[in-house]
Visitor: 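There's a structure below that I have some questions on.
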There are 2 protein chains.
Amino acid sequence: MKVEEALQILKDHGFKYTGKREEMIRICAAEKRYLSAKDIMERIKELYPSLSFDTVYRNISTFVELGILEETELDGEGKFRLACSTDGHHHHHVICTECGKTSSLPGCPMNIMSAVPDDFQVTGHKFEVYGTCKDCVAHTN
Amino acid sequence: MKVEEALQILKDHGFKYTGKREEMIRICAAEKRYLSAKDIMERIKELYPSLSFDTVYRNISTFVELGILEETELDGEGKFRLACSTDGHHHHHVICTECGKTSSLPGCPMNIMSAVPDDFQVTGHKFEVYGTCKDCVAHTN
DNA sequence: CCTCAAATCGGATTTGTTCTGATTTAATCC
DNA sequence: GGATTAAATCAGAACAAATCCGATTTGAGG
């Protein structure tokens with residue numbers, strides 16, 4: 001997803017444009033990596049030194065609800081990255097547990113889903129591969 | 001996994017036997033369901049009314065490290081269930097997001113893993129299907 | 001039994017996140 | 001363009017899950 005698309009989605013849903021929102025999206029768009037709320041805070045401080053965490057958290061959850069950001073959970077805290085599903089097919093990621101960097105995996109093991117017992121109404125699924133990326137392996141040596 | 005197996009694992013690793021540990025394992029063994037630390041606390045209060053969180057949390061993480069319990073995260077809190085991988089093949093679950101109830105899925109989409117880029121050293125993976133179980137669907141109607 | 005490390009207690013503390021009420025600001029309408 | 005208004009932001013309090021701490025108890029081995 002591109003920054004402009006994300007801003008359009010916000011507009012289409014009647015949300016106001018603010019420089020802070022755009023900057024948050026830009027920060028997420030800048031890296032193929034999951035960022036924590038704290039990471040985003042840190043980066044946004046350059047442009048908006050007095051941004052409160054409330055704003056960051058509230059905007060993040062708006063973005064997640066609108067499908068602008070994807071969420072996962074690492075080390076007991078929420079991590080976020082710009083959604084990329086709209087770029088093409090539904091797919092999943094390998095995630096570096098050290099730095100959050102991601103890489104796409106082709107396809108989705110949805111075929112298994114046909115084996116889900118009838119007494120469950122499926123609402124979603126998560127498939128994530130965890131690992132250590134080249135850079136982080138190097139660092140720990 | 002059976003309660004006796006779990007206790008044996010503890011013994012083999014030089015951990016002491018305590019009634020509280022056994023009871024925690026029994027509680028988890030009693031249901032094919034993910035329980036939160038709070039759930040476990042509640043249930044154990046019948047036998048041990050004055051158990052402290054610390055004990056529950058510390059024991060839970062010991063159990064997870066030893067592979068006695070499996071961990072996941074729902075609604076921003078850790079949930080746990082007795083590991084069942086040792087019962088047979090490596091597999092995954094459908095999880096009811098309302099009550100934590102689980103049902104097994106056959107196989108694992110590890111075949112996709114061959115597509116993981118070389119610059120990632122894989123350490124683990126998670127595949128979970130989420131849904132609402134029959135009972136919980138009925139409840140919300 | 002005695003000893004000692006491990007386990008537990010109880011409460012304080014930390015950390016990530018959400019809430020609240022007051023203030024500011026972007027979009028709309030005259 | 002200026003007034004209006006609902007949304008966005010702020011600052012800090014409040015919250016909940018989880019961890020840490022020093023003091024006390026307890027299981028296992030000698």
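Chain naming here is simple, since letters A, B, ... match the order of the sequence lines and numbering starts at 1 in each. When reading the values below, keep in mind they use all heavy atoms of this one structure, side chains included, and skip hydrogens, waters and symmetry mates.
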Visitor: Calculate the interatomic distance between A:I44 atom CD1 and D:dT9 atom C1'; express it in whole Å.
Guide: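 Checked: the CD1 to C1' distance equals 12 Å.
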
Visitor: Output yes when at least one side-chain N/O atom of A:S52 is less than 4.0 Å from OP1 or OP2 of D:dA11, else no.
Guide: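 The answer is no; no side-chain N or O of A:S52 sits under 4.0 Å from OP1 or OP2.
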
Visitor: Is it true that A:I25 and A:L66 fall in one hydrophobic cluster, defined by side-chain heavy atoms closer than 4.5 Å?
Guide: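 Hydrophobic grouping puts A:I25 with A:L66.
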
Visitor: Rounded to the nearest angstrom, tell me the gap between atom CG in A:L74 and atom C1' in C:dG16.
Guide: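 About 14 Å, once rounded to whole Å.
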
Visitor: If each of B:Y17 and B:G78 is mapped to the nucleotide of DNA chain D with the nearest heavy atom, which maps nearer the 5' terminus, i.e. the 5' end?
Guide: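 Of the two residues, B:G78 wins.
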
Visitor: How many whole angstroms separate atom CG of B:D54 from atom P of D:dA16?
Guide: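 It is 20 Å, rounded to the nearest whole Å.
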
Visitor: Looking only at side-chain N and O atoms, does B:Y57 come under 4.0 Å of OP1 or OP2 in D:dT19?
Guide: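 So the side chain of B:Y57 is outside the cut-off, no N or O lying under 4.0 Å from OP1 or OP2 of D:dT19.
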
Visitor: Please report, rounded to the nearest Å, how far the P atom of C:dA26 is from the CD atom of A:E22.
Guide: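 Computing the A:E22:CD to C:dA26:P distance gives 13 Å.
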
Visitor: I want to confirm an ordering. Mapping B:G14 and B:S50 to their closest nucleotides on DNA chain C, which one lands closer to the 5' end?
Guide: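 Nearer the 5' end of the strand: B:G14.
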
Visitor: Write down the distance between CD1 (B:I25) and P (C:dA7), rounded to a whole number of angstrom.
Guide: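 Answer to the nearest Å: 13 Å.
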
Visitor: With DNA chain D as reference, determine whether A:N59 or B:K79 sits nearer its 5' end, using the nearest nucleotide of each.
Guide: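 So the residue in question is A:N59.
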
Visitor: Below 4.0 angstrom from OP1 or OP2 of D:dA17, is there any side-chain N or O of B:K38?
Guide: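 So the side chain of B:K38 is within the cut-off, an N or O lying under 4.0 Å from OP1 or OP2 of D:dA17.
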
Visitor: Scan side-chain atoms only and decide if B:T62 and B:N59 contain a donor-acceptor pair under the 3.5 Å cut-off.
Guide: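 Absent: no donor and acceptor within the cut-off.
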
Visitor: Taking the minimum atom-to-atom distance to the side chain of A:K16, which one of C:dC9, C:dT17, C:dT25 wins?
Guide: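 Given the options C:dC9, C:dT17, C:dT25, the side chain of A:K16 is closest to C:dT25.
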
Visitor: Figure out the CG/P separation between A:D12 and C:dA27, and round it to whole Å.
Guide: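 It is 14 Å, rounded to the nearest whole Å.
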
Visitor: Pick base, sugar-phosphate or nothing for A:F53, based on heavy-atom distances below 4.0 Å to the nucleic acid.
Guide: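 Counting heavy atoms under 4.0 Å across all strands, the contact made by A:F53 includes a base.
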
Visitor: Between A:H92 and B:H125, is the ring centre distance below 6.0 Å?
Guide: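 No; B:H125 has its ring centre 6.0 Å or more from that of A:H92.
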
Visitor: Regarding B:D135 and B:K101, does a basic nitrogen lie under 4.0 Å from an acidic carboxylate oxygen?
Guide: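 A salt bridge is present here (some side-chain N lies under 4.0 Å from a carboxylate O).
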
Visitor: Looking only at the side chain of B:F15 (C-beta and beyond, no hydrogens), which of the listed nucleotides C:dA7, C:dA27, D:dT9 gets closest?
Guide: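 The answer is C:dA7, which lies nearest to the side chain.
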
Visitor: Does B:R26 come within less than 4.0 Å of B:E22, counting only side-chain N to carboxylate O?
Guide: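 Here B:R26 pairs with B:E22 in a salt bridge, since their nearest N and O are under 4.0 Å apart.
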
Visitor: Under 4.0 Å between a side-chain N/O of B:K20 and OP1 or OP2 of D:dT26, yes or no?
Guide: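 So the side chain of B:K20 is outside the cut-off, no N or O lying under 4.0 Å from OP1 or OP2 of D:dT26.
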
Visitor: Taking OP1 and OP2 of C:dA26, is either one under 4.0 Å from a side-chain nitrogen or oxygen of A:T18?
Guide: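 The answer is no; no side-chain N or O of A:T18 sits under 4.0 Å from OP1 or OP2.
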
Visitor: Quick one: is B:R58 getting a side-chain N or O under 4.0 Å of the D:dT19 phosphate, OP1 or OP2?
Guide: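 No, B:R58 has no side-chain N/O under 4.0 Å of OP1/OP2 on D:dT19.
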
Visitor: Answer yes or no: is there a side-chain heavy-atom contact under 4.5 Å between B:V94 and B:T102?
Guide: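 No, every pair of side-chain atoms sits at 4.5 Å or beyond.
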
Visitor: Take atom CD of B:E71 and atom P of D:dA18, then tell me their distance rounded to the nearest Å.
Guide: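 The answer, rounded to whole Å, is 8 Å.
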
Visitor: Just compare C:dA7, D:dC10, C:dC9 and give me whichever is closest to any side-chain atom of B:R21.
Guide: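 So the nucleotide nearest the side chain must be C:dA7.
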
Visitor: Rounded to whole angstroms, how far apart are CG on B:L10 and P on C:dA6?
Guide: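 From B:L10 CG to C:dA6 P: 15 Å.
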
